[in-house]
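All chains are named by letter (A, B, ...) in the order of the sequence lines, taking the proteins before the strands, and each is independently numbered beginning at 1.
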Number of protein chains: 2
Amino acid sequence: MYDAALTLFAERGYHGTALSQIASMLGIRTPSLYNHIHAKQDLLRDVLTRTTEGVWQDYQEAVEGVDDVVERLSRATRVYALRHAQHRREALVVNRDIANLEEPARTHVLELRRSHARAIQGLIDEGIEAGRFSEPNSTLAAFGVLEMCVSIARWFRDDGPLSAEEVADKYSELALRVAGVV
Amino acid sequence: MYDAALTLFAERGYHGTALSQIASMLGIRTPSLYNHIHAKQDLLRDVLTRTTEGVWQDYQEAVEGVDDVVERLSRATRVYALRHAQHRREALVVNRDIANLEEPARTHVLELRRSHARAIQGLIDEGIEAGRFSEPNSTLAAFGVLEMCVSIARWFRDDGPLSAEEVADKYSELALRVAGVV
DNA sequence: CCTACCGATCGGTAGG
DNA sequence: CCTACCGATCGGTAGG
């Protein structure tokens, strides 16, 4: 059910998806959905909280025990890019329907996102101070890097010429270039 | 009315916006909207066709009469980035609700988009052949460049530290770095 | 898991 | 531009 909702939300958006369509995809009647959820909103909340919590956890695991700041940024962007190639639907829903999430979940999700963005920008700041990156505007560089990764969800195909891992490797390299690695 | 629809579509999406909300923003009743449109879909079509046609025109004007391939890519990304900073709402709607556009407008919009993407990738290919860019995968580089610009619409603020022009200049510089300008 | 059904709201029309 | 109103569909509930 989570999976059916995910597919439809990614395809048509939260408001563009009717519960009847989710039920139909599962071969059951609409009211039967309420044996598993309390409201349509629950499905959106599940997708958004699981995904953003996963992003934050990925980040922490990626940089754990790594000292070199260039390597930390490289690993952080690699796992972020990888997630967007491997979990396209989740990424599309997060970026499209975050405004339709009700409180308090919305604040929780936005705070996790903000933590992640600040962490990436922090790495770029560190790298600049250490003379490893040449891009002076770390805010701009951080947005550029993050959003470039997010966009992978919009074009990546499993049957395309590059695997998710290959794309992730390439993007972590592009990220370093955006930061102006020297 | 176009403007009211644009604001609401950008904020809540096409399916998340009711005609009654558009009418309310204009201080009139819902049925009065039908003196100006035939259907809600007309509003979406107007936003999407105007915007994508504008993107394509911007591109052509930007590269017209410019021979150097690096300069062509720089100018093309500059106008594309500039549009995303100056017309945030339009960009958000295009990227969010293109799937909700009905035929034949949908095909028209997708073809214009594709032409633009191919043009950008073509410039990168040219640059690589001429030994001006070092990124071997032009498809990946083109996606990276284009989507980085698109994302400006998601974070740019008129009252932020950088003007639209400054952001556009910076992004055209980042684009050259993504292509691996040598 | 189902049938039967609820009030609310949707996009849109009739008629002025 | 309005009031009055349409059928369809929405998310959700009652009751089994």
Closest-nucleotide ordering on DNA chain C, the 5'-leading residue of A:S32 and B:Y34:
A:S32
I'd like to know if A:D68 pairs up with A:R132 as an ion pair, taking the criterion as any Lys NZ or Arg NE/NH1/NH2 lying under 4.0 Å from an Asp or Glu carboxylate oxygen.
yes
A:D3 bridged to A:R89 by N-O distance under 4.0 Å:
yes
Hey, does B:S20 reach any base, or is it just sugar-phosphate, or nothing, if we go heavy atoms under 4.0 Å?
sugar-phosphate
Could A:R106 and A:E102 be called an ion pair, given the rule that one side-chain N must be under 4.0 Å from one carboxylate O?
no
Just do the ring-ring contact (aromatic ring centres under 6.0 Å, His included) check on A:H84 and A:Y171 with the steps written out, would you?
CA-CA 11 Å; A:H84 283 83; A:Y171 267 68; 9.9 Å; no
Would you please test B:H116 and B:Y80 for ring-ring contact (aromatic ring centres under 6.0 Å, His included) and show each step?
CA-CA 10 Å; B:H116 182 248; B:Y80 193 55; 4.5 Å; yes
Does B:R118, at its CZ atom, have more than 12 non-hydrogen atoms belonging to other residues, nucleotides or ligands within less than 6.0 Å?
yes
Base, sugar-phosphate alone, or nothing: which one does B:H36 contact when heavy atoms must sit under 4.0 Å apart?
sugar-phosphate
For ring-ring contact (aromatic ring centres under 6.0 Å, His included), just list the numbers for A:H38 and A:Y34, CA-CA rounded to whole Å, side-chain angles, deciding distance to a tenth of an Å, and then say yes or no.
CA-CA 6 Å; A:H38 289 92; A:Y34 288 88; 9.1 Å; no
Note: chain A reaches DNA chain D at heavy-atom distances under 4.0 Å over the stretch, first to last nt, 5' to 3', of D:dC10 to D:dT13
Pairing of DNA chain C as dot-bracket, 5' to 3': ( ) intra-strand, [ ] crossing, | other strand, . unpaired, with Watson-Crick or G-U pairs under 3.5 Å?
||||||||||||||||
Closest nucleotide of DNA chain C for A:I28 versus for B:A39: which of these residues is on the 5' side?
A:I28
Which comes earlier along DNA chain D counting from the 5' end, the contact point of A:N35 or that of A:T30, where each point is its nearest nucleotide?
A:T30
In terms of side-chain geometry, is the basic nitrogen of B:K170 or A:E135 positioned less than 4.0 Å from the acidic oxygen of its partner?
yes
